[in-house]
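We count residues from 1, following the sequence as given. The structure displayed is predicted, hence computed values, not measured ones.
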Amino acid sequence: MRIDIHSHVIPTRIIDQIALHPAEFAARVEGRAPARKVIHEQGYVYPLFDEFHDAQAKLESMDRKGIDISVISPAPPMFYYWADIDLALKTARLVNDGVADMVAAKPSRLRGMATVPLQHPDAAIAEMERVVRDYGFKAIEIGTSVEGVQLAEAKFRPVLRRAQELGLFVFAHPYYVGAKGGLESYYLTNLIGNPLDTTTMLAHLMYSGALDELADLKICLAHGGGFAPYQIGRLAHGHKVRAEAHKFSKTSPKDLLRRFYFDSLVFDPQALRYLIDLVGADHVCIGTDAPFDMGDEHPEETISAVPRLTGDEHHEVCCGTALRLLGEGSSGF
């Protein structure tokens, strides 16, 4: 069994509304299938692949990659963290209802993950409770920051606490990274910006004491946790020797790192071996980032290429970790 916990969608419900009301959603749909694309006023453009919105196309892609189950999550441009409460909640509901439509079309092979309007915490909690009640979702996807505000800020604590109470796991994925200094060229906004944002989020959560308050919260990090696993020794050393770093939390970042879960999307078997050694195979799961071009088209080859991979480790990465995050047993498939 191979379960992918990092697979994106942009459901038909939200696509149709963007096409009808481009000014309201600050985006537009251009072209005709199969060459349609979405253009956002924030500055990013991407092809509208069938896999984004058609459940059968998603399954065909999964079959090519040897994936049995995908936990489908909204593409990050659907977060709409810049929007006022009415538009943010409207967008989240359209997206989440669309995710549920796709899951209902292929329930044996798809699981749903919701987005919530994080910038409006009360609305985010209400939407989270709705998707759990109406659809039985087991996860939410959130950005690593909210329009530049760190997830560790106290205003977001009620959202994370409610996710913990509901038994959801949180999938943290970088949001749009603008052209920060030094990242203007070579697609570095993604290649460096995305893993950097994840690393920054992680450090804030560790040093702020937020994780001490949320001892049972399960957070899964996209892209192998960014740069954090490789630099965890530096974060831990800083916590030990710098008063600023241990002011709010007395727990070493190295201990806190083992509480997180990670997808396998690091593109190098030695790096994945290091990650497994660092946090355990029971905290690593497959992530393909489908259907974006920065995804893994051959996840089984990626896993099998890891040096000295044991049978137990292979099982954990392929499905064991994901099954526990979803709260499901193998009999559910």
Specify whether [X] and [Y] have parallel, tilted or perpendicular ring planes, treating 30° as the upper limit for parallel and 60° as the lower limit for perpendicular.
X      : Y      : value
Phe260 : Phe262 : tilted
Tyr80  : Trp82  : tilted
Tyr44  : Tyr46  : parallel
His283 : Tyr261 : parallel

Assess whether salt bridge (charged side-chain N to carboxylate O under 4.0 Å, His left out) is satisfied between Arg36 and Glu30, documenting all intermediate values.
-> CA-CA 6 Å; Arg36 284 193 303 170; Glu30 288 192 355; over 6 Å; no
Between Phe169 and Phe137, is a ring pair (Phe, Tyr, Trp, His ring centres under 6.0 Å) present by the stated rule, with each step listed?
-> CA-CA 10 Å; Phe169 81 86; Phe137 283 5; over 10 Å; no
Should [X] and [Y] count as side-chain neighbours, where that means a heavy-atom distance under 4.5 Å?
X      : Y      : value
Ser145 : Met201 : no
Pro158 : Ile125 : yes
Leu257 : Met206 : yes
Ser73  : Ser7   : no
Glu129 : Leu166 : yes
Thr302 : Leu272 : yes

Given the rule in the side-chain contact (heavy atoms from CB on, under 4.5 Å) test, do Lys58 and Asp54 qualify, once you have shown the distances and angles that lead to the verdict?
-> CA-CA 6 Å; Lys58 176 64 77 175; Asp54 182 83; over 6 Å; no
Check this for me: [X], atom [atom1], are more than 12 non-hydrogen atoms of other residues, nucleotides or ligands nearer than 6.0 Å?
X      : atom1 : value
Asp312 : CG    : no
Phe248 : CZ    : no
Lys254 : NZ    : no
Lys65  : NZ    : yes
His237 : NE2   : no

Evaluate the side-chain contact (heavy atoms from CB on, under 4.5 Å) criterion for residues Val279 and Arg259: first the C-alpha distance (whole Å), next the side-chain angles of each, then the deciding distance (0.1 Å), finally the verdict.
-> CA-CA 8 Å; Val279 301; Arg259 284 183 43 191; over 6 Å; no
Return yes if a side-chain donor-acceptor contact under 3.5 Å exists between [X] and [Y], otherwise no.
X      : Y      : result
His314 : Glu300 : yes
Glu51  : Ser61  : yes
Ser249 : Asp212 : yes

Under 3.5 Å: donor-acceptor pair, side chain of Arg13, backbone of Val95 =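 No; judged by distance alone, with no hydrogens or angles, the pair does not exist.
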Between [X] and [Y], is there a shared hydrophobic cluster once you connect ILVMFWY residues whose side-chain heavy atoms come closer than 4.5 Å?
X      : Y      : value
Ile39  : Tyr187 : no
Ile85  : Phe156 : no
Tyr230 : Leu202 : no
Ile192 : Tyr186 : yes
Val132 : Met102 : yes

Could you please spell out the steps behind the salt bridge (charged side-chain N to carboxylate O under 4.0 Å, His left out) verdict for Lys90 and Asp86?
-> CA-CA 6 Å; Lys90 178 180 180 179; Asp86 291 335; over 6 Å; no
Looking at His8 versus Phe52, is the centre-to-centre ring distance below 6.0 Å?
->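 So the answer is no for these two rings.
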Please report the C-alpha distance between Arg93 and Arg130 in whole Å, then the side-chain angles of each, then the deciding distance to 0.1 Å, and finally whether the side-chain contact (heavy atoms from CB on, under 4.5 Å) criterion is met.
-> CA-CA 9 Å; Arg93 287 173 174 169; Arg130 185 184 77 90; 3.8 Å; yes
Would you sort out whether Tyr81 and Tyr175 count as a ring pair (Phe, Tyr, Trp, His ring centres under 6.0 Å), showing the intermediate values?
-> CA-CA 9 Å; Tyr81 290 159; Tyr175 184 36; 5.3 Å; yes
How long is the span from the NZ atom in Lys155 to the CG atom in Asp122, to the nearest 0.5 Å?
->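 Between Lys155 NZ and Asp122 CG, I get 10.5 Å after rounding to 0.5 Å.
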Yes or no on side-chain contact (heavy atoms from CB on, under 4.5 Å) for Ile142 and Leu151, after CA distance, side-chain angles and deciding distance?
-> CA-CA 9 Å; Ile142 62 174; Leu151 189 63; 3.4 Å; yes
Carefully, step by step, assess Lys106 and Gln56 under the rule side chain to side chain donor-acceptor pair (under 3.5 Å).
-> CA-CA 8 Å; Lys106 303 292 180 182; Gln56 184 57 42; 2.9 Å; yes
Starting from the C-alpha separation in whole Å, work towards a yes-or-no answer on salt bridge (charged side-chain N to carboxylate O under 4.0 Å, His left out) for Arg161 and Glu213.
-> CA-CA 9 Å; Arg161 186 176 297 112; Glu213 296 181 31; 3.6 Å; yes
Please lay out, stage by stage, how Glu297 and Arg64 fare under the test salt bridge (charged side-chain N to carboxylate O under 4.0 Å, His left out).
-> CA-CA 8 Å; Glu297 291 294 313; Arg64 290 195 302 272; 5.4 Å; no
Test log, rule side chain to side chain donor-acceptor pair (under 3.5 Å), inputs Tyr135 and Asn96 | CA-CA 9 Å; Tyr135 302 127; Asn96 294 336; over 6 Å; no
